[in-house]
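All chains are named by letter (A, B, ...) in the order of the sequence lines, taking the proteins before the strands, and each is independently numbered beginning at 1. These numbers come from the heavy atoms of this one structure, side chains and all, not from hydrogens, waters or symmetry mates.
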2 protein chains.
Amino acid sequence: MSSTVQGLPPNYRTVLDVVEEAGPGGHLTAQEIWVRARALQPRIGFATVHRGLIRLHELGAVMKIDVSGEASAVYEPAASPHAHFRCTGCGAISDLEYAVPAQTVRRLAERHGVAIEREAVTFTGRCANCG
Amino acid sequence: MSSTVQGLPPNYRTVLDVVEEAGPGGHLTAQEIWVRARALQPRIGFATVHRGLIRLHELGAVMKIDVSGEASAVYEPAASPHAHFRCTGCGAISDLEYAVPAQTVRRLAERHGVAIEREAVTFTGRCANCG
DNA sequence: ACTGAGGGTGAGAACCGATTTCACTCCGTA
DNA sequence: TACGGAGTGAAATCGGTTCTCACCCTCAGT
């Protein structure tokens, strides 16, 4: 599954494995990834995990998501763009199937004279359990 | 202009004045707000500014915006919802006229069984100057 | 006026995630 | 073997945010 990325240092590969293991809805923080990575590679340091995430993000293999109102960023495997929902009650983060239409993005970029490379859509509110 | 909020402690009022002074495109960080507030009220402390922003956010008078990839949150007067654009080159933040259509939000909320209270849309890329 | 309670306030410490530093290891090549 | 560059772990550091705590100010009830 992670075979799409070549020539990765072993620890970075471990990080990638952990993120992909969690899947698109995983929403792992760097801390959580570190904990899981240590199960595979007990001597791995937090700094290495962090560097790995940065590298993998640059390579486009993982997405870094800054959820509005959340202290720490979460990571998940690169996948089709989608929005996120954060419950203000329990703090849970879930995926929503939404992306700003490509045509709209293009028109916005043109109108404001900018080049848009990425979008982040976050909704907040109450989930079913927290009513 | 800040007359819509009543019964505010004096320092919080100062904070509100600063934010509204900067206007919708101000995008001030808490630090910047503190600096400007001291021009009006030299003895005001940072903690007070921060508490004021929290209070004003609860009251709905100011918006707190967590820009993706930005270290600190920025604040601006409550206004019609709009998206933000952050240039990865110079770090500038600007407003874009976009909001997720209300009908779409409603449909998403219904489909996933959640109550959506707020949305945050952030684009990142390169501004005209940073090409 | 006096008094007690409660909110507001300033300074600085504490906190926490993210990032950097630094010395060390590993592995390839010459 | 000697060298150099990348990778690595532990710990220090950073920066924004939040908390603590002692003080002050206002105001209601006397």
Atom-to-atom span, [atom1] of [X] to [atom2] of [N] - whole angstrom:
X      : N       : atom1 : atom2 : answer
W34(A) : dA18(C) : CH2   : P     : 13 Å
L53(B) : dC19(D) : CG    : P     : 15 Å
D66(A) : dC16(C) : CG    : C1'   : 16 Å
H50(A) : dT8(D)  : NE2   : C1'   : 16 Å
I54(B) : dG7(C)  : CD1   : P     : 17 Å
E32(A) : dC16(C) : CD    : P     : 16 Å
E70(B) : dA18(C) : CD    : P     : 15 Å
I44(A) : dA10(D) : CD1   : P     : 10 Å

Exercise. Tell me yes or no: between the side chains of H82(A) and E76(A), is some donor less than 3.5 Å from an acceptor?
Key: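 Checked: H82(A)/E76(A) side chains pair up, N/O donor to acceptor below 3.5 Å.
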
Quiz item: Does a donor on one side chain sit under 3.5 Å from an acceptor on the other, for H27(B) and D95(B)?
Solution: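 Yes, because at least one side-chain N or O of H27(B) sits under 3.5 Å from a partner of the opposite role on D95(B).
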
Quiz item: Should N11(B) be listed as having a side-chain N or O under 4.0 Å from OP1 or OP2 of dG8(C)?
Solution: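 The answer is no; no side-chain N or O of N11(B) sits under 4.0 Å from OP1 or OP2.
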
Practice problem: Have a look at Y12(B) and tell me which of L16(B), T14(B), L8(B) forms a side-chain contact (heavy atoms from CB on, under 4.5 Å) with it. | Solution: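 For Y12(B), the side-chain contact (heavy atoms from CB on, under 4.5 Å) check succeeds only for L8(B).
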
Just compare [options] and give me whichever is closest to any side-chain atom of [X].
X      : options                   : answer
A47(B) : dT17(D), dG12(C), dT9(C)  : dG12(C)
P9(B)  : dT17(D), dG10(C), dG8(C)  : dG8(C)
R55(B) : dA11(D), dG8(C), dT19(C)  : dG8(C)
A30(A) : dT17(D), dA18(C), dG12(C) : dA18(C)
A73(A) : dG9(D), dA18(C), dT18(D)  : dA18(C)
R51(B) : dG10(C), dG16(D), dT21(C) : dG10(C)

Quiz item: If only atom types and distance count, is the side chain of H112(A) paired as donor or acceptor with the main-chain N or O of L108(A) below 3.5 Å?
Solution: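 The answer is yes, because a donor-acceptor pair under 3.5 Å joins these two groups.
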
Practice problem: State whether W34(B) and R36(B) meet the cation-pi test: NZ (Lys) or CZ (Arg) under 6.0 Å from the six-membered ring centroid, and within 45° of the perpendicular axis. | Solution: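 No - R36(B) does not lie over the ring of W34(B) by the 6.0 Å and 45° rule.
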
Quiz prompt | Sugar-phosphate, base or nothing in reach of F46(A), heavy atoms under 4.0 Å | solution =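 If one applies the 4.0 Å heavy-atom cut-off, F46(A) turns out to touch a base.
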
Quiz item: Which part of the nucleic acid does R38(A) contact within heavy-atom distance under 4.0 Å: base, sugar-phosphate only, or nothing?
Solution: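 It contacts nothing in the nucleic acid.
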
